[in-house]
Amino acid sequence: MSNRTLFHSVRTTIGPNRGTAKSATYYGVYFYPYTKPTDDPVFAVVGGPETIIARPHPTKGLEVIQYFLDDLKFNESLCTGSWTKDLKTGDPLLAVGGQAGIIKILNVKTGKVVQTLSGHGDEIMEILTSPRNQALLASASADSTVRIWSLDPAHHRQPCALICAGEGHRETILSIAFHSSGRYLLSGGMDHIVNLWVLPDLPDASADRDKPITLMYPHFSTSMIHSNYIDCLAFHGDYILSKAARESKIVLWAIQNFTSRLPPPAPDKAPTTHEWRATRSAFGGGFERLLQFSIPDTEPFFMRFGIFARARADTFLAMGSTNGKVHMWNLLRTELYGKSPGDTGARDGRDTTTPSERGSPTVVNAELNTTGLIAGSDRGRSTPVAPVAPPAPVAPPVKLPPIRGDALGDPLTVIRAHYTLEIPRVKTTIRHVAYSLSGEYMVCVGEGGNIVISRKDLPVKT
């Protein structure tokens, strides 16, 4: 197989703005996660009143499988989505939300809205599915709360199982992130605060009651990591990746003494706000900055990074920009370079891998003379672009040394991208980046109605 990457830039014109000068802005792209990495990837794109379900196509750029247009009387502007499955039939479901403050559950197979979740008092900014229970969704809102919902039909009368409210946030929550254990949830937003909530086992006996559980206090809270709107969060093992608007960096940091190997602290261990502190923790410490990644041209808020993470494979971090570039880092390579002599094992006990030695990406000077149409119609086109080769996503297993600020040097040093992919003819803002399960495809979405699909022609170990 050839060692190159093919880029297809597709500008969609299938929504309500078709035939006008106004282009859609797509805020999120999400690959369906419940398949094998070797299966054909399917992804969803959300923005404005549109939800597009598509798969990559070798000549057309993409093929639309399903298309949803929200009822315009609600003046909906979608900005987030998350995949799950029907508990009985196994049909793929997509939860979407945005300006209307309502979560809609779409059955991608039938093309119908099968459930709506109401309760937030303002715009919904992010939706996530629990990594441990496909029937549980978390949603973050401009009403300054996080809600946990159960899609189990047994809880249809009262699907909201839990609310993170009280003294957590004072302003809009822009981003949330589940830990892989499903017991911890991060939240961050316009008040510059990052909170860590310890979740009880859900759904419990309280589900389907008239009054959900309310968590008043997070077990960790700090306003010292960022000084602007926090619009993207993710766990990296037990570490945390976060970014804020206008800071031009992604921060990798750790909550001191936090480890998922120990049982979660009890609810009554959450620190209260009776004694004000910029950082409060139930884990007996503060936080530690580890690394910072440079993300130039990312001043607007609500631009989100993407992560490719799979067992026995390199972990990649990718971030778009306002000028059509995508910056990428191999996180395991970064961590390996930061080791101290004699260090062995991972600090949080993870069994991880490190990349093989490889040089700079190869640029293939060739044009793709491809003019494809979305779903074989006149709804969009694929623009010829120059292929570029990003790093291979698979490496042999090796024990990873611990991450330590003293081993890595000054944690305030900002690390430039290992690879920067410039997409020809796309000079508009890339709002979100996502990888397929195999790492073979990367999709970027953003302003100007652009959906950019890149494909790596490399064999992937499974």
Side-chain angles (χ1 to χ4, degrees), residues 30-35 80-87 90 92-95 97 103 105 117 124-141 145-155 159-165 168 173 175-188 194-208 212-215 217-221 232-242 254-255 257-267 269-270 282-283 307-311 315 346 348-352 437:
Y30 314 94
F31 276 91
Y32 186 69
Y34 307 117
T35 60
T80 182
S82 185
W83 288 100
T84 183
K85 292 197 300 185
D86 186 286
L87 294 179
L93 305 178
L94 183 72
I103 299 173
I105 311 299
L117 303 174
I124 292 170
M125 309 307 297
E126 187 157 30
I127 302 170
L128 292 178
T129 304
S130 168
R132 294 297 182 183
N133 187 341
Q134 296 167 12
L136 291 180
L137 300 179
S139 58
S141 173
T145 70
V146 174
R147 287 177 178 250
I148 307 295
W149 309 85
S150 172
L151 300 184
D152 191 321
H155 308 136
C160 184
L162 181 144
I163 303 175
C164 301
I173 301 174
S175 184
I176 51 178
F178 270 110
H179 188 273
S180 59
S181 66
R183 294 301 305 274
Y184 303 98
L185 184 78
L186 292 170
S187 62
V194 177
N195 288 326
L196 175 74
W197 304 86
V198 176
L199 304 178
D201 286 322
L202 294 171
D204 63 5
S206 68
D208 204 34
I213 299 172
T214 299
L215 297 184
Y217 301 104
H219 279 69
F220 174 88
S221 180
C232 196
L233 292 164
F235 275 102
H236 176 47
D238 281 352
Y239 307 126
I240 298 167
L241 287 159
S242 60
I255 298 173
N257 302 319
F258 169 76
T259 172
S260 59
R261 291 176 296 172
L262 298 177
K269 299 299 182 182
F283 302 97
I307 297 176
F308 171 74
R310 204 181 81 199
T315 300
D348 64 349
R350 292 174 292 143
D351 184 11
T352 55
L437 297 185

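Here the structure is a predicted model, which is why all the values come from computation and not from measurement.
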So L241 and L233, side chain to side chain contact (heavy atoms under 4.5 Å, CB included) or not? Walk me through it.
CA-CA 6 Å; L241 287 159; L233 292 164; over 6 Å; no
>> Quick one, L215 with L199, criterion side chain to side chain contact (heavy atoms under 4.5 Å, CB included). Give me CA distance, side-chain angles, the key distance, then yes/no.
In response: CA-CA 9 Å; L215 297 184; L199 304 178; 4.2 Å; yes
Side chain proximity check, [X] to [Y], heavy atoms < 4.5 angstrom:
{"X": "F235", "Y": "S180", "result": "no"}
{"X": "F178", "Y": "S130", "result": "yes"}
{"X": "L162", "Y": "P200", "result": "yes"}
{"X": "N195", "Y": "Y217", "result": "no"}
{"X": "P153", "Y": "L87", "result": "yes"}

Any idea which heavy atoms bring [X] and [Y] closest together, and the distance?
{"X": "W197", "Y": "P218", "answer": "CZ3-N, 3.6 Å"}
{"X": "S175", "Y": "C232", "answer": "OG-CA, 3.4 Å"}
{"X": "A234", "Y": "A177", "answer": "CA-CB, 3.8 Å"}
{"X": "R147", "Y": "C160", "answer": "NH1-SG, 3.5 Å"}
{"X": "A282", "Y": "K269", "answer": "CB-O, 3.2 Å"}
{"X": "H155", "Y": "S150", "answer": "ND1-OG, 2.7 Å"}

| Modelled atom types, side-chain donor and acceptor of T129 and W83, under 3.5 Å |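 Side-chain D/A pair, T129 to W83: absent.
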Original post:
Are a donor atom and an acceptor atom from the side chains of D238 and H179 found within less than 3.5 Å of each other?
Top reply: yes
| Can any side-chain N or O of E126 pair as donor or acceptor with the backbone N or O of A140 at less than 3.5 Å? |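 Judged by distance alone, no pair lies under 3.5 Å.
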Answer yes or no: is there a donor N or O on one side and an acceptor on the other, between the side chain of T80 and the main chain of I127, under 3.5 Å?
->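 It does hold such a pair.
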Nearest 0.5 Å, please: how far is [atom2] in [Y] from [atom1] in [X]?
{"X": "D86", "Y": "L93", "atom1": "CG", "atom2": "CG", "answer": "5.5 Å"}
{"X": "I124", "Y": "S139", "atom1": "CD1", "atom2": "OG", "answer": "5.5 Å"}
{"X": "F283", "Y": "I255", "atom1": "CZ", "atom2": "CD1", "answer": "6.0 Å"}
{"X": "L196", "Y": "L186", "atom1": "CG", "atom2": "CG", "answer": "5.5 Å"}
{"X": "T84", "Y": "Q134", "atom1": "OG1", "atom2": "CD", "answer": "5.5 Å"}
{"X": "T315", "Y": "I307", "atom1": "OG1", "atom2": "CD1", "answer": "8.5 Å"}

key: Short N-O contact, R183 and D201, less than 4.0 angstrom   =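 The answer is yes: the pair qualifies as a salt bridge.
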Sorted by chain and number, sequence neighbours left out, side chain to side chain contact (heavy atoms under 4.5 Å, CB included) with L117 holds for I103, I105, Q115, L137, W149, L151, P159
Quiz item: Mind checking whether Y184 and F258 have ring centres under 6.0 Å apart?
Solution: yes
Angle between ring planes, Y239 versus H236, binned at 30° and 60°: parallel, tilted or perpendicular?
tilted
Item to complete: Check the pair L202 / N133 against side chain to side chain contact (heavy atoms under 4.5 Å, CB included), numbers first and verdict last.
Response: CA-CA 9 Å; L202 294 171; N133 187 341; over 6 Å; no
### Message
Checking S82 against Y30 for the side chain to side chain contact (heavy atoms under 4.5 Å, CB included) test, could you report, in this order, the C-alpha distance in whole Å, the side-chain angles of both residues, the deciding distance, and whether it holds?
### Response
CA-CA 7 Å; S82 185; Y30 314 94; over 6 Å; no
